[in-house]
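Please read the structure below before turning to the comments.
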Amino acid sequence: MDLREFSIKSLREELAAGRLKASDVCRTALERMQQLADLNAVLTVMSDSALARADELDLAAQRGDSLPPLAGTMLAVKDVIVIEGTRATGGSRILYNYIPPYTATAVKKLEAAGAIVVGKTNCDEFAMGSSTENSAYGTVKNPWDTARVPGGSSGGSAVVVSAGMTTASLGSDTGGSIRQPAGFCGVVGLKPTYGRVSRYGLMSYGSSLDHIGPFANRVEDAAEILKAIAGHDPCDSTSSRVPVPDYVALLQEELRGLKVGVPREYFGEGLDPEVKTRVEAAINKFEELGAGIIDISLPHTEYAVPVYYLIATAEASSNLARYDGVRYGFRAETGSSLREMYCRTRDEGFGAEVKRRIMLGTYALSAGYYDQYYGKAQKVRSLIDKDFREAFSLCDIIATPVAPTTAFEIGELIDDPLKMYLQDIYTVTVNLAGVPAIVLPCGASTAGLPIGIQLIGPHFEEARLLTAAHNLERVIGFNQRPSAIGKVS
Ligand code: GLN
């Protein structure tokens, strides 16, 4: 059984008809995770709890009970999202032994809708990175070419879906961490509007930029997952009360008359010519669907990477202050004073990239520099937000590349943080404005690596994005599978 061949809807229908058993689907997921352990995508396998839940579902199906919408869906969850009683490292040594006492709202909702969590996925430490090379638990390999990165920071969550270990997964996206790995691994990834999905139970990185969202093998499945996780949550004061539409039912709408904006700033210098060609070809396909294409401008794009790295690091330096060895997680062995214990714990517990960001963020927030850096960055952030508002007065959705290149080699950028940060050039703007965006595969390079296209919508217009992506997916007809998995012993 290849999990990638089963949509969420088909799993539910097969289970209800008695043609498939949840326990068999679950065993397939567990075996595949074991077979492909060398990809290092999974940090914790949850066999016992998953099989027990699968048995419960099978009993319910046998009794003829009506099955929940995600019955049969095998799910993996990024390790920065907590599940009660299951170790959550956040990709960091400082949480190597942390067992959370509560479950994230998004996971609770998915479980209530019938999904079965089979594992926790590897990621960059505290979601800081674009390659998953910053995990304290080793690099994740791209199933399309195991010498290459899967993207980051939700690399493990992209890989499990791409390689058929699970039906879907959850990731987090602060500056592109769902969309860039989705692009690098040839799967669908969705970052909802800020506030659409509760962040309760997500380890905070940059709280004003953090989002939870799904990875899936088809747009329809991403719509099913979003439908289950969206909505207000009293545990997250930034979650929105805007009503949640039926994303799945709306997928069939037509695109006739839709205006697709193409921002010129996203197709300039630094964009790999092959990526450019593929993305432009995919955009032209919108015309076959009756949509119109117009040129637009997002003039403050060039400031997005510096603004993002000021705001994200400033918020991170404050959010990460809680890891001090006192209440939970790793504590350094020695230390003659409390201060020394804090220092050693943080020195030994955090990796190099996290330390770099804490220092950058602390500097940007320090007295005397605050207005010059953090204050200024906030002002430019509002200009970027204004760019999007103006653009959406001219068009309905915006289409762009996801990243400047296809998946790069492991080790290629790790010693050059600036180059690594430039990976995020087309994704961070979207987090700064809080608007939703979806990524889907639109082709492959001559080297056989997937290329993604990003569609961006106005606040709370996920339905419009999903419908556009679903129609585009059909006309693109991308059906290649990762070829390198055989090479993994
Ligand atoms: N690559 C970006 C960073 O390193 C984005 C990470 C994310 O979205 N979590 O901050």
Side-chain angles (χ1 to χ4, degrees), residues 77-81 90-92 121-135 139-140 149-158 169-185 189-192 194 197 199 202-215 304-317 319-320 350-361 364 377 381 402-405 407-408 412-414 416-439 452 454 456:
V77 175
K78 185 177 181 180
D79 217 26
V80 290
I81 300 171
S92 181
T121 59
N122 201 352
C123 56
D124 283 304
E125 184 172 10
F126 292 119
M128 297 178 188
S130 308
S131 66
T132 318
E133 292 168 287
N134 295 333
S135 167
T139 298
V140 179
V149 304
S153 63
S154 315
S157 287
S169 62
L170 286 183
S172 69
D173 191 314
T174 303
S177 279
I178 292 175
R179 291 160 289 152
Q180 184 249 23
F184 278 12
C185 293
L190 171 74
K191 182 203 88 68
Y194 186 77
V197 173
R199 290 182 291 118
L202 168 66
M203 293 175 192
S204 298
Y205 163 15
S207 308
S208 76
L209 301 157
D210 291 343
H211 302 70
I212 289 179
F215 288 90
V305 169
V307 164
Y308 169 79
Y309 276 95
L310 278 167
I311 295 177
T313 57
E315 292 182 10
S317 70
N319 275 326
L320 269 53
F350 287 139
E353 183 61 27
V354 169
K355 286 181 196 161
R356 174 169 21 243
R357 301 214 184 178
I358 293 173
M359 284 190 280
L360 279 171
R381 180 180 192 171
V402 183
T405 62
F408 46 90
E412 195 178 326
L413 300 184
I414 198 71
D416 191 340
L418 273 185
K419 270 202 186 141
M420 188 73 93
Y421 295 174
L422 284 171
Q423 266 299 311
D424 306 330
I425 190 154
Y426 309 131
T427 48
V428 291
T429 48
V430 174
N431 298 70
L432 289 164
V435 289
I438 191 167
V439 163
Q454 170 172 248
I456 308 167

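Here, residue 1 is the first one in the sequence, and each next residue gets the next number. Keep in mind that what you see is a predicted model, and the values were worked out from it rather than measured. Atoms within each ligand, like the ligands themselves, are counted from 1 in listed order.
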Mark yes or no for whether Glu125, through its side chain, and Gly351, through its backbone, hold a donor-acceptor pair below 3.5 Å. yes
Identify the residue among Met203, Glu315, Arg199 that makes a side chain to side chain contact (heavy atoms under 4.5 Å, CB included) with Asp210. Arg199
What does the 4.0 Å heavy-atom contact list look like for ligand 1? Ala127, Met128, Gly129, Ser130, Ser153, Asp173, Thr174, Gly175, Gly176, Ser177, Tyr205, Tyr308, Tyr309, Arg357, Asp424
Would you confirm whether Asn134, through its side chain, and Glu353, through its main-chain N or O, come within 3.5 Å as a donor-acceptor pair? no
One should read off an interatomic distance between His211 NE2 and Leu202 CG, to the nearest 0.5 angstrom, of 10.5 Å
Looking at Gly176, is its backbone amide N or carbonyl O close enough to the side chain of Asp173 to form a donor-acceptor pair, meaning the two atoms are under 3.5 Å apart? yes
Donor-acceptor pair, Ser177 side chain versus Thr174 backbone, under 3.5 Å? no
